[in-house]
Amino acid sequence: MLRGAVGICGFLLLWECAVQLGAVSAQQLCPPSQVAAAFFTKLADPRPDGATLGAHFIASSSVALGGFLLACLIGLPLGLAMGYYQPVYLLANPIFELLRPIPPIAWIPIVTLLLGIGAQARIFIIFLSAVVPCVINAYTGIRHVPERYIHVGQSLGMSRWRIFTKICIPCALPTLFVGVRLSLNTAWTALVAAEMMASVRGLGYMIQMGRLLIQPDIIITGMLTIGSTGALMSALLSLIEKRLTKWGAER
Amino acid sequence: MSDAKVQVRQLTKGFGELLVLDNLTFDVRPGEFLCVVGPTGCGKTTLLNLLSSWWTPTQGEICIDGRAMDPKTQNLSFVFQESSAFPWLTVEQNVQFGMKEKRFPPELIAQRTREVMGLLDLESVKEKYCHEISASAEQRVVIGRSFALHPDFLLMDEPYAQLDIKFRLHLEDAILALNRSTGSTCLFVTHNIEEAVYLAQRCIVLSNKPTSIKAVRTIDLPYPRDTCSPEFIAIKDEITEMIKWW
Amino acid sequence: MVGDIHVKGLGLSFPQQNGIHEVLRDVDFVIHSKEFLVLFGPGQCGKTVLMEAIAGLLPPTAGSVEDAQGSPLRTQELCMVFQKYALFPWKTCRQNIELPMKFKGVPKQARRKRAADLIHLVGLDGFEHSYPRQLSGGMKQRVAIAAAYAKECPLLLFDEPFGALDAQTRLQMEQELVRIWQQEQKTVVLITNSIDEALLLGDRILVLAGSPSSILEEYDLREFPRPRSLSDRPLLNLRQSILDRGFFENEGGGDLRCE
Amino acid sequence: MNGFSERAAPRRLLRLLPLLSLLAFLSVWHLAALCTDLLATPLDTAKALAGMLFFPTSKVTLLHHVWASLCRVLAAYALAIAAGVLLGVLFGWSRRFHDYCYPIFELLRPIPPIAWIPLIIMWLGIGEPSKIAVCFIGSVVPILVNTYFGVSRLDPTYLKSAKILGAGQRALLTHVILPGALPSILTGMKVALSSGWVCVIAAEMIAARKGLGYLIIRSMESGDMVHILVAMILIGSVNFLFSWLFSKLEGVVCPW
């Protein structure tokens, strides 16, 4: 642990000296001290892009969580059903395979034209990108349930539905959570992209404005906030996962 | 003979033109402990999958108490070689899983759980999950779950093949005790001839592929059997000769 | 040619959160040249650690492993076959067997020829180009044995090589190992937790038990003719006497994992 | 799991379902296009796609854009493989290097590659280098993580066995560590390729003169729906092509 801290301090020190000693022009990169200062000033005053860091943060995370939860609510059951019931798989899979390769950011133009640049549009973009990992991992989770578990269920005379709910879903839970964490990550990335291209609020918009106004400290503050929020959400998610799958430690 | 618990008639299974099981016919008496032994890779697993209604036979039929076998109305249990204990349930929940699915009355479930957990000394690890207990304890959980149902027909596919020799002796006695106390009809499949002779009242010897019944050997030694006694050795050698393929 | 190997006062312990976990304490025995020695004992812990200490993978905390001249045993003079992961799945059988020779810098032609001989010796003709995942458990261990012999070293260590095989294949592989040992005279030390395997294979059996483990008993089986069968009376009596000594009682079922 | 194997569902009907769903999807698309004049019908999109591919109107043909994006991705991808595998092996292999530098990597990793675009544009302008840099960041992370995962998760028995067989440090690396970690390195490379592709499109959408991202943004600004759909289809199919090519490559590179 100690070595890790030493590593990070070294990195920050190196960054500070590089800028102070002029190795890198202050225009392009500002020292960490200035970034810290910008972070605190930005918390309070809305200049230069018309909203405080807090406002951006709330705008971003509310939209991200909205799209993410929607994606889980629709994607997970669909993936589970696709994994277990063949008709559902044959119906849903072709469309899914058709839309899957199109990356989230490619949806931004068409959604912006159709739904404008309001929160709904961004939630829809995030939903589209976050639903893909949910479906894939839910589907894989079910497909990788060991056959002998289902064999046991069948020899106990359990109906297909009970085998699905009492054996397949609990067994697939860990893979499900991998998918959920992946989709949170994708949602967060898609949000930043959407905000950078078509929005008036949010962290993505803030760093985009930072670029236009040549203020590297704003950009870096925005990036660090985005990074730490993403990490925070994932940490929260693994806490929930630990509680739900106490047995999670696979042998 | 009509008093047989399980009747298997002309059981045949082929995949395309590859014939795996060739016309197997045998009976299992109520409460009997029957062993099936055969050379490595002689279709024992195919037989087990058919007997547990996981696969449907190409030809022939399996009846329990005269009626065609049906997992919904009859109690069937299967103990695999690999552990099939559910990792998301604790040891106690695992043992009770079968009974709860068959909607046994609660007090019967409690009584049977105590009985089985006692015999397999799982009391100490009652609240633990599967990854917290040793492989032998986990397999005992599966055996407990199966015997707790007092099944009409219990199939076992070499349940402790992957366990240490020391656990094997301990488990063999536990299984025999459970077979006697619950009176369930057991069919035990194994590669290990000494194990089959130690456990079985009757032993079916299978031939190589396409598998058919080579011989049926009744073993009328008293329990518990001494693996070093001359009669035990004689029977073991006799069966080994029948199977020896190298 | 390294002669007898002396294991003197070998001790080994691992640091743990709550103090030291001592696994071995003053283990003393001699491995005679060209002998088939079996280290027999319960459970997994003590024996594998001892084997790795002899092989030089684990530095002992006390004592030493020396050859006849008193200099410490070097890894070049021995080879080891593990129970699982004995082969590299990304290499074909022939590549696995040629590997030790490649490391020693043996030229390609000589390697190819020696590998062919060894594949024939272990009875795997025709499987040169298949990958380990295409082979059965028994066949994989045959390749591992061939690879060990390819290193051309006087001492071979086997760490429960047939532990993962089914009963019949295990019996077959035990007979194969004895045949190969008799054909290519080398010193062999084998670990097992199966009493039958020890009786069928060993010239001498050393019982390793207790915690910390040490050599509790030595049995000499050289007067039993080979090939041995567990059905003949004298061997059975010996089996019974070893079991009666109750080396395992203090081990107990041990419900928690002993990795 | 073969939960379907023994079901008695009529085979014929099941085979029709995929066709059915595709038809449904196209008809919904068609209907939506008819009622809102914004969306282009599938037919028009197909015609436009064919048109742009085979009889280019503007001097910069569609293939130019695709080619521009592709070059950027592949250049960055090559760099990412070299850096990712090297760092991944270093992290997995030497304890000290891992302890000092891995936390820094962990700190920067949560920042999505797209969030780097503004900073990179400030540093490198909107020319080729900045696109390649963004794409590099997008690709190097998955490769590095998977290589590190592959190396550190390798079963220690392989290393012991190799040492016993007389392998030196260099031989350990080439004969054991790299081949052992290869399957997960390949997974990383597969993810990296599509993630790199996404990054280059994003970078082009923000500031570029050539490339699919630029094309789609220009169509958005001019409200030209057909070209947006065409660009989306192209972006999607290239991504699909990458993953298809990769699964073929995986079969050849590690047959075990």
Side-chain angles (χ1 to χ4, degrees), chain A residues 72 76-77 79-81 83-86 137-181 237-251, chain B residues 45 48-56 64 69-91 93-94 96-104 127-135 138-139 141-142 145-146 148-149 151-157 159:
Chain A
C72 290
L76 294 179
L80 290 171
Y84 194 71
Y85 296 98
Q86 193 171 16
N137 277 276
Y139 172 78
T140 335
I142 291 286
R143 298 301 291 179
H144 286 145
V145 171
E147 212 170 88
R148 56 185 188 281
Y149 290 165
I150 293 165
H151 195 152
V152 168
Q154 209 220 350
S155 61
L156 287 171
M158 291 163 69
S159 69
R160 275 183 68 75
W161 171 254
R162 277 186 77 82
I163 293 181
F164 180 52
T165 47
K166 299 279 269 187
I167 294 176
C168 292
I169 294 184
C171 183
L173 223 50
T175 329
L176 230 66
F177 267 99
V178 168
V180 168
R181 196 175 308 125
L237 204 58
S238 17
L239 269 179
I240 298 169
E241 179 184 358
K242 279 223 175 22
R243 228 183 55 69
L244 271 180
T245 58
K246 291 186 287 302
W247 53 276
E250 290 308 313
R251 208 182 340 272
Chain B
T45 315
L48 282 167
N49 283 340
L50 291 172
L51 288 175
S52 62
S53 72
W54 182 243
W55 286 347
T56 49
I64 298 182
M69 177 169 67
D70 164 23
K72 285 201 169 27
T73 54
Q74 291 154 341
N75 281 348
L76 271 170
S77 284
F78 197 147
V79 179
F80 294 88
Q81 194 166 5
E82 271 176 279
S83 156
S84 58
F86 297 132
W88 57 88
L89 296 176
T90 64
V91 166
Q93 288 163 346
N94 256 304
Q96 293 174 344
F97 184 81
M99 293 187 274
K100 285 205 178 103
E101 283 309 312
K102 291 277 179 182
R103 292 183 183 73
F104 280 24
E127 292 316 319
K128 287 216 172 5
Y129 284 97
C130 295
H131 65 276
E132 292 162 327
I133 55 176
S134 70
E138 199 178 341
Q139 199 61 343
V141 169
V142 175
R145 176 180 70 197
S146 314
L149 283 168
D152 302 323
F153 191 25
L154 174 59
L155 294 157
M156 282 188 264
D157 178 5

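Since this is a predicted model, take the numbers as computed values, not measurements. Chain letters run A, B, ... following the sequence lines, proteins first, then strands; residues in each count from 1.
Residues A/Lys166 and B/Glu101 come closest through the heavy atom pair CE-OE2, 3.3 Å. The two residues B/Pro71 and A/Ser155 have their closest heavy-atom pair at CB-O, 3.7 Å. Considering all non-hydrogen atoms of both residues, B/Leu149 and A/Leu156 come closest at CD1-CD2, 3.4 Å.
Evaluation of the side-chain contact (heavy atoms from CB on, under 4.5 Å) rule for B/Phe86 yields A/Tyr149, A/Val152, A/Ile167, B/Trp88, B/Leu89, B/Asn94, B/Phe97, B/Arg145 as partners, not counting sequence neighbours.
Separating the CD atom in A/Gln154 from the NZ atom in B/Lys72 is a distance of 7.5 Å, to the nearest 0.5 Å. Here B/Asp157 contributes atom CG and A/Arg148 contributes atom CZ; the two are 11.5 Å apart, rounded to the nearest 0.5 Å. Put simply, NE2 on A/His151 and CZ on B/Phe80 are 4.5 Å apart, with the number rounded to the nearest 0.5 Å.
Environment of NZ in A/Lys242: sparse, with no more than 12 heavy atoms of neighbouring residues, nucleotides or ligands closer than 6.0 Å.
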